Amino acid sequence: MAGFLWMRLAILVFVATAALHPQRSLAADEDPLQDFCVKDTTQKLHVNGFPCKDPAQVQASDFASDSLKKPGKTSNALGVAVTPANVLTFGGLNTQGVSAARIDFAPHGLNPPHVHPRAPEILFLAKGTLLVGFVTSTPDNKLFAQTIKAGELFIFPRGLVHFQLNVGYGAALAFSAFNSQNPGTSQVAKVLFASTPLIDDAVLEKALQLDAADVQRLRSLISKT
């Protein structure tokens, strides 16, 4: 069974890089200028991406990762665990324009509304039943939502708010792929109520038509997620 899931994940990554953008020049990340550029964690340079490790020091293990092997811990307020395999955790992905994630859901678990600013996301549901959806940009703000079951795929367009809710009877497991080595994630609730430093209360009160007590209550709740 495990081998079957990893085969599906390999196909999913291929779909993310090929089917979403059949022309490499249209990918979210810039084209690489060499065969590989394994991330060098010893460098302190700040560049768009990461410096390359000396090719003479690169080993086969730099291109392997067990990041998605183990289930994430879902014993939290949202009942979800997102485990990324991106350039921050897997140095061999540097300049390759691809990454992945494992999403474990407890019963009724929710991956809350969020966006990936640098890539679309294609999700493969390996186990369970999810209600998934995204909302288009202003002025339409149209919701596209669908219930998917094990073995099915769903695509979330780049930069749009989206979510996944476990509506099945047990735990659920999904794998996602992105055409960026670091797609980024911004969770809507935390952006608004748990930023550093905090957004001024007056902004939230006016924008969301809340009173001061509501803002403080939401700050307290969201800080626990």
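This one's a predicted model, so the numbers in the text were calculated from it and none came from an experiment. Numbering starts at 1 and runs along the sequence shown.
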Minimum heavy-atom distance between Ala81 and Thr74, given as atom pair plus value: N-CG2, 3.9 Å
Roughly how far, to the nearest 0.5 Å, is the OG1 atom of Thr225 from the CZ atom of Phe193? 11.5 Å
Please round to the nearest 0.5 Å and tell me the distance separating atom CD1 of Ile148 and atom CG of Leu130. 5.0 Å
Quick one, Val98 with Gln181, criterion side chain to side chain contact (heavy atoms under 4.5 Å, CB included). Give me CA distance, side-chain angles, the key distance, then yes/no. CA-CA 5 Å; Val98 66; Gln181 66 178 27; over 6 Å; no
Do Val203 and Leu192 sit in the same hydrophobic cluster, where Ile, Leu, Val, Met, Phe, Trp and Tyr count as joined when their side-chain heavy atoms come under 4.5 Å apart? yes
Quick one: are Phe163 and Val132 in side-chain contact, heavy atoms under 4.5 Å? no
Any Lys/Arg nitrogen of Asp62 or Lys39 sitting under 4.0 Å from an Asp/Glu carboxylate oxygen of the other? no
Interatomic distance, CZ@Phe156 vs NE2@His162, rounded to 0.5 Å, equals 5.5 Å
Check whether any side-chain heavy atom of Lys142 lies under 4.5 Å from a side-chain heavy atom of Val135, and answer yes or no. no
Keeping the roles fixed (side chain from Thr136, backbone from Asp140), state whether a donor-acceptor pair exists under 3.5 Å. no
How far apart are the C-alpha atoms of Gln187 and Val115, what are their side-chain angles, what is the distance that settles it, and do they pass the side chain to side chain contact (heavy atoms under 4.5 Å, CB included) test? CA-CA 7 Å; Gln187 193 182 112; Val115 300; over 6 Å; no
Are any side-chain N or O atoms of Asp211 and backbone N or O atoms of Asp214, one a donor and one an acceptor, separated by less than 3.5 Å? yes
Asn166 side chain to Gly170 backbone, donor-acceptor under 3.5 Å: yes
Are Asn182 and Ser180 linked by a side-chain donor-acceptor pair shorter than 3.5 Å? no
Is there side-chain contact between Arg102 and Val82, with heavy atoms separated by less than 4.5 Å? no
Looking only at non-hydrogen atoms, find the nearest pair between Pro84 and Thr89 and report the distance. O-OG1, 3.4 Å
To the nearest 0.5 Å, tell me how far Ile199 CD1 sits from Arg219 CZ. 7.5 Å
Hey, does Phe178 have a side-chain heavy atom less than 4.5 Å from the side chain of His116? yes
Full working for side chain to side chain contact (heavy atoms under 4.5 Å, CB included) between His114 and Val188: CA-CA 5 Å; His114 62 281; Val188 175; 5.5 Å; no
For Ile222 and Lys190, the nearest pair of non-hydrogen atoms, with its separation, is CG2-CG, 3.9 Å
Would you tell me whether Ser176 and Glu121 have side-chain atoms, one donor and one acceptor, within less than 3.5 Å of each other? yes
Do Leu123 and Gln164 have side chains that approach each other closer than 4.5 Å (heavy atoms only, starting at C-beta)? yes
Does Ser223 reach the main-chain N or O of Ser220 with its side chain, forming a donor-acceptor pair under 3.5 Å? yes
Could you state the interatomic distance from CG (Asp200) to NZ (Lys206), rounded to the nearest 0.5 Å? 13.5 Å
Over all atoms of both residues, closest heavy-atom pair of Pro183 and Pro117: O-CD, 3.3 Å
To the nearest 0.5 angstrom, please state how far the CG atom of Leu173 sits from the CD1 atom of Ile103. 9.0 Å
Under the criterion side chain to side chain contact (heavy atoms under 4.5 Å, CB included), I'd like the reasoning laid out for Leu78 against Asn111: C-alpha separation, chi angles, the key distance, then a yes or no. CA-CA 7 Å; Leu78 295 174; Asn111 193 9; over 6 Å; no
How about Phe36 and Phe63: do any of their side-chain heavy atoms sit closer than 4.5 Å? yes
Evaluate the side-chain proximity of Asp104 to Val80: yes if any heavy-atom separation is below 4.5 Å, no if none is. no
Using modelled atom types only, decide if a donor and an acceptor are shared between the side chain of Glu152 and the backbone of Lys149 within a distance under 3.5 Å. yes
So which of Asp29, Val87, Leu93, Asn179 actually passes side-chain contact (heavy atoms from CB on, under 4.5 Å) with Ser99? Leu93
Hphob cluster co-occupancy, Phe105 + Leu110, side-chain heavy atoms under 4.5 angstrom: no
Would a distance-only check, ignoring hydrogens and angles, find a side-chain to backbone donor-acceptor pair under 3.5 Å from Asp40 to Pro51? no
Looking only at heavy atoms, the pair that brings Asp35 and Gln96 closest together is O-NE2, 3.4 Å
Which heavy atom of Pro113 sits nearest a heavy atom of Val161, and at what distance? CB-CG1, 3.8 Å
Would you check if Phe154 and Phe134 make a side-chain contact, meaning some heavy-atom pair closer than 4.5 Å? yes
